[in-house]
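Values in this document were obtained by computation on a predicted structure and should not be read as measured data.
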Amino acid sequence: MVMTQPDSKTLVAIYEKMTLIKHSDDRVIGAMKAGRMVMPYYSARGQECIPAAISVQLTDEDYLVTIYRGVHDMLAKGLPPKLLWAELAGKVTGSCKGKGGPMHLTYPSKGCMVTTGIVGASMPIACGLGLATQLRGEKRVTVANFGDGASNIGAFHESLNLAAVWKLPVIFVCQNNQYAEHTAYSTGTSAAKISDRAASYGIPGVHVDGNDPIAVYSAAQQAIARARAGEGPTLIEAKTFRFNGHLIGDAGEYIPKAIYAEAVKNDPYPRYRNWLVEHQHASATQLDGIDAAIKTLIDEAEAFAMSSAAPDAIEVKRDVYATEIA
Ligand SMILES: Cc1ncc(C[n+]2csc(CCOP(=O)(O)OP(=O)(O)O)c2C)c(N)n1
Ligand SMILES: [Mg+2]
């Protein structure tokens, strides 16, 4: 496999996706705090570089499965911001007609297949999608996102084993944000590195700094090439941190202050922006332009969501069974 370094255009495309995720997240939290939106919202602020660096290498045909903390994954894969915001607000114009909310997003035309609220469930679903594409002889790959806590669920081990035995085109992406709800990594996980567990299934396991877009890009590039070539799955562990607690309303008091401060100091977003300018992949003015354009996009998404109608009560009975119930 010939691996290539991302060029400046790709590096800026990663920045663009990270900006979309960050601005959208900041604004959703603002809307919640102002009382304009009410929902269980699991912010992925701090984790944006992982889906950004992976998704620039995927096509609309490739599949994505993610979890409740997955708005960043969905945006990076192509879920349109307007449809996302309308869905979060529970409006009829949302990607799931306002019936899914933040924990049940889907947008198949961009390969955004499923969001699950069941810890560990993204991986068997990804195996199913991978098996379907394999049986159809397609070149699609499936990316399964999950957290560090989910790697202790039986479904993680079953999925890795099955995917390895059947050489399924699945990339398992563990976004290790070092906490599972209020439980710190070392309290609940025996392995020093989750990626080490791949060895017991005979597949590659790669541990990367999840706040370094180039490291994530390179790991994903190899895993995608391997999956497309029919050589089977890869486990990528991307170490990162979540800045906004388990969900909005959780102030994260259980996180030691020094650990939190260190994580914020390593915030991938400003760090990457500075790096791009320093290494002359983009000028500050060019990045300012991207920021401004994305802020306008989010303005439009919020206005669209707020001005859209709530679903009619009859919608409760629709999209439940193949035949509509009276
Ligand atoms: C099967 C199952 N058990 C427990 C829960 C409750 N729960 C929701 S999120 C969560 C923590 C998962 O942590 P992790 O996998 O690290 O993902 P993160 O939230 O950090 O992204 C738990 C235990 C659940 N939703 N599903
Ligand atoms: Mg976690």
Side-chain angles (χ1 to χ4, degrees), residues 1-7 10 14 49-67 73 76-78 108 110-114 120-148 150-151 153-176 191 193-210 212-239:
M1 281 174 213
V2 181
M3 294 302 149
T4 52
Q5 288 295 314
D7 57 14
T10 307
I14 293 173
C49 129
I50 302 166
I54 296 175
S55 284
V56 290
Q57 305 181 73
L58 300 173
T59 70
D60 289 350
E61 277 69 47
D62 291 324
Y63 289 144
L64 171 79
V65 184
T66 191
I67 60 168
D73 299 324
K77 186 72 173 65
K110 289 282 182 183
C112 300
M113 302 310 282
V114 192
S122 61
M123 294 166 274
I125 297 171
C127 285
L129 288 166
L131 179 61
T133 57
Q134 192 184 62
L135 291 173
R136 291 194 298 246
E138 297 167 349
K139 282 286 170 209
R140 300 173 201 247
V141 301
T142 299
V143 173
N145 287 284
F146 55 98
D148 44 297
S151 75
I153 293 259
F156 165 88
H157 300 276
E158 294 168 26
S159 299
L160 259 65
N161 183 56
L162 193 76
V165 169
W166 289 350
K167 290 198 182 321
L168 299 179
V170 177
I171 296 117
F172 295 96
V173 179
C174 178
Q175 301 191 18
N176 180 354
K193 286 181 185 164
I194 290 165
S195 55
D196 287 347
R197 292 175 167 170
S200 51
Y201 302 104
I203 64 169
V206 195
H207 179 97
V208 291
D209 176 355
D212 175 352
I214 315 271
V216 177
Y217 182 94
S218 302
Q221 190 183 34
Q222 294 208 22
I224 293 167
R226 189 176 135 79
R228 281 209 211 286
E231 291 167 16
T234 300
L235 170 63
I236 298 174
E237 175 187 8
K239 198 163 175 197

Minimum heavy-atom separation for Gly130 and Thr142, please, with both atom names. N-OG1, 3.9 Å
Given side chains that start at C-beta, do those of Ile194 and Phe172 come closer than 4.5 Å, heavy atoms only? no
Side-chain donor or acceptor of Gln57 paired with backbone N/O of Ala53 under 3.5 Å: yes
Do His157 and Tyr201 have side chains that get closer than 4.5 Å, going by heavy atoms? yes
Using modelled atom types and a 3.5 Å cut-off, is there a donor and acceptor pairing between side-chain atoms of Gln175 and backbone atoms of Gly210? no
Heavy atoms only: give me the nearest Gly205-Ala198 pair and the separation to one decimal. CA-CB, 3.5 Å
From OH (Tyr217) to OG1 (Thr4), nearest 0.5 Å: 5.0 Å
Asn145 and side chain to side chain contact (heavy atoms under 4.5 Å, CB included): which partner among Val173, Val65, Ile171? Val173
With a 4.5 Å heavy-atom cut-off, do Leu135 and Leu131 have their side chains touching? yes
Polar side-chain atom of Lys110 near backbone of Thr59 as donor-acceptor pair, under 3.5 Å: no
Does a side-chain heavy-atom distance below 4.5 Å link Lys77 with Thr66? no
Where is the tightest heavy-atom contact between Pro124 and Gly120, given as atom of each residue plus distance? CD-O, 3.3 Å
Quick one: CG on Leu129 to CG on Leu168, what's the gap to the nearest 0.5 Å? 10.5 Å
Ser195 and Leu235 have their tightest heavy-atom pair at CA-CD2, 3.8 Å
Measure the spacing between CD of Gln221 and CD1 of Ile214 and express it to the nearest 0.5 Å. 11.0 Å
Any side-chain heavy atom of Met123 within less than 4.5 Å of one from Leu162? no
Closest heavy-atom pair and its distance - Ser159, Cys127: O-SG, 3.6 Å
Please examine the side chains of Glu61 and Lys139, heavy atoms only from C-beta on, and report whether any two atoms are closer than 4.5 Å. no
Is any side-chain heavy atom of Val206 closer than 4.5 Å to a side-chain heavy atom of Thr234? yes
Just verifying a value: how many Å separate Ile236 CD1 and Ile224 CD1, rounded to the nearest 0.5 Å? 7.5 Å
Side chains of Ile153 and Phe146 in contact at under 4.5 Å (non-hydrogen atoms): no
Work out which heavy atom in Ala126 is nearest to a heavy atom in Ala144; give both atom names and the distance. CB-CB, 3.5 Å
Pick one: which of His207, Lys239, Glu237, Lys193 meets side-chain hydrogen bond (donor to acceptor under 3.5 Å, both in side chains) with Asn176? Glu237
Please report the interatomic distance OG(Ser55) to CG(Asp62), rounded to the nearest 0.5 Å. 9.5 Å
Test item: side-chain donor near acceptor, Thr10 and Asp7, under 3.5 Å: yes
Looking only at atom types and distance, does a side-chain atom of Ser200 sit under 3.5 Å from a main-chain N or O of Arg197, one as donor and one as acceptor? yes
